[in-house]
Amino acid sequence: PMTRAWAVVALALVLLVIVIGVSPPGRQAIAEVMGVFQLGRVEVRVTPRATVQPGVEHQVTREEVLPDLAAAEELVGYELLTPASLPEGYELRTIKAVYYDDLPPWVPRPFYIDLDYRPPGGDAHPYYLRLREYRVSFGGPGEGISALRFAAGEVSLVEDVDLDGRHGVLLHLPGAAFPPEEVLLEVVWEQDGVVLELMSQELAAEELIAVARSVE
C-alpha cells in the first residue's frame, strides 16, 4: 500500500493538475522545455501526459457555497489571503468550498477554497477572476502538497514572474478557456503556507500579475 508521503505526491501530480517548471527565468515555449520550478516548499512541474500514473486520479465530489469569508476561514482553519487591489468594478461574488471525499481521511476537508470576483452584471462564468487556495502542509510529517503538475500539452507558454520578492509562474492555458479560442491565464505561487492559483480569461497578463502582487 502507499505510504502517506507517496500518496500526497501522487495526489499532487494528478489531482491538482497545475504545472510547469522553468529554469532559467524568462519566457519559454513548452515545446522547448520541461522541468521543475521551486516556488518554496512546493515544486511546479511540466511533464509529458504519458507519465501520469493510472488509478490515482480523483474527482471533485461536492461544492459548498459559503456566505462569507468568515465561514470559509472557519472551515479551513486559517485566515484566507485576498487581493488588496482589484480591477475597476470587480467584487467578491462567490465563495465555494471544494471537497474530494474519496481522499484519505487525513487530507483536509474542504480541500481548497475558490474566491470568484467579477464586475456587476458579469455573467457567472468562473474565470473573470478566480483565486484558489490550498494549504501546503496537512499537519503531520510528510502530509501535504509537495508538487503541482500540468501535462505539457495543456500549456502553450510559461513565464517566470516576480511577485514582489516571491517566485511565481504565469501559465498560458489555451485549452481551458471559455470560449475555447481564448486563453486562460494563471499565476501560481506559494505564500504564508498556502498555494495560490489566480486565474482569468478576461484580464491581461500585466493586470493579473498586479492582482497577484496585492494578495495579502
Side-chain angles (χ1 to χ4, degrees), residues 8 11-20 37 39-45 57-66 68-69 71-73 75-84 86-87 90-100 103 107-118 124-138 144-150 154-155 161 163 166-173 175-178 183-203 205 207-216:
V8 169
L11 169 67
L13 291 180
V14 181
L15 167 61
L16 293 189
V17 202
I18 309 177
V19 58
I20 297 9
F37 187 89
L39 299 181
R41 286 175 287 177
V42 176
E43 289 181 348
V44 181
R45 60 179 65 187
E57 191 165 359
H58 299 268
Q59 301 293 326
V60 172
T61 51
R62 57 193 173 100
E63 297 180 345
E64 179 184 2
V65 177
L66 303 171
D68 52 34
L69 284 171
E73 290 171 348
L75 273 178
V76 297
Y78 63 91
E79 185 175 349
L80 292 168
L81 299 170
T82 57
L86 290 167
Y90 277 62
E91 296 179 1
L92 180 58
R93 302 290 180 176
T94 307
I95 305 170
K96 287 193 296 188
V98 180
Y99 295 80
Y100 290 77
L103 297 178
V107 176
R109 268 73 167 175
F111 190 60
Y112 59 80
I113 297 290
D114 276 345
L115 307 178
D116 284 328
Y117 299 83
R118 61 181 186 271
H125 83 68
Y127 297 121
Y128 268 95
L129 183 64
R130 168 171 288 184
L131 181 61
R132 178 169 293 174
E133 306 192 22
Y134 311 80
R135 271 186 288 183
V136 173
S137 174
F138 298 165
I145 298 172
S146 61
L148 311 179
R149 171 193 168 179
F150 268 116
E154 298 168 343
V155 183
V161 295
L163 304 176
R166 294 186 177 90
H167 290 123
V169 178
L170 173 66
L171 314 172
H172 297 238
L173 306 168
F178 306 93
V183 174
L184 178 69
L185 298 179
E186 177 173 335
V187 180
V188 183
W189 76 102
E190 182 183 330
Q191 181 173 337
D192 298 339
V194 177
V195 177
L196 299 111
E197 297 177 72
L198 185 67
M199 299 167 269
S200 179
Q201 74 170 88
E202 301 289 337
L203 302 182
E207 295 175 293
L208 192 64
I209 291 168
V211 175
R213 286 174 174 158
S214 80
V215 170
E216 58 186 23

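For this chain, numbers begin at 1 and follow the sequence in order.
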message: Is the terminal nitrogen or CZ of Arg62 (NZ for Lys, CZ for Arg) located under 6.0 angstrom from the six-membered ring centre of Tyr99 and within 45° of that ring's axis?
response: yes
Do [X] and [Y] touch side chain to side chain, with heavy atoms closer than 4.5 Å?
X      : Y      : value
Leu185 : Leu203 : no
Tyr117 : Thr82  : yes
Glu197 : Val187 : no
Asp192 : Arg166 : yes
Leu92  : Leu69  : yes

For the residue pair [X] and [Y], what are the closest heavy atoms and their distance?
X      : Y      : result
Tyr90  : Tyr128 : OH-CD2, 3.5 Å
Ala205 : Leu170 : CB-CD2, 3.8 Å
Arg93  : Arg118 : NE-O, 3.1 Å
Leu81  : Leu115 : O-CD1, 4.0 Å
Ala97  : Leu66  : CB-CD1, 4.0 Å
Arg135 : Val76  : CZ-O, 3.5 Å

Working to the nearest 0.5 Å, report the span between [atom1] of [X] and [atom2] of [Y].
X      : Y      : atom1 : atom2 : answer
Leu196 : Glu190 : CG    : CD    : 9.0 Å
Tyr127 : Glu186 : OH    : CD    : 8.0 Å
Gln201 : Leu184 : CD    : CG    : 7.0 Å
Ile209 : Ser214 : CD1   : OG    : 12.5 Å
Asp114 : Thr94  : CG    : OG1   : 10.0 Å
Ile95  : Glu64  : CD1   : CD    : 11.5 Å

- prompt: Any donor and acceptor pair, going by atom type alone, linking the side chain of Glu73 with main-chain N or O of Leu80 inside 3.5 Å?
  reply: yes
- request: Report yes or no: does Gln191 contribute a side-chain atom to a donor-acceptor pair with the main-chain N or O of Val215 at less than 3.5 Å?
  value: yes
- request: Check the angle between the aromatic planes of Phe111 and Tyr134 and answer parallel, tilted or perpendicular using the 30° and 60° thresholds.
  value: perpendicular
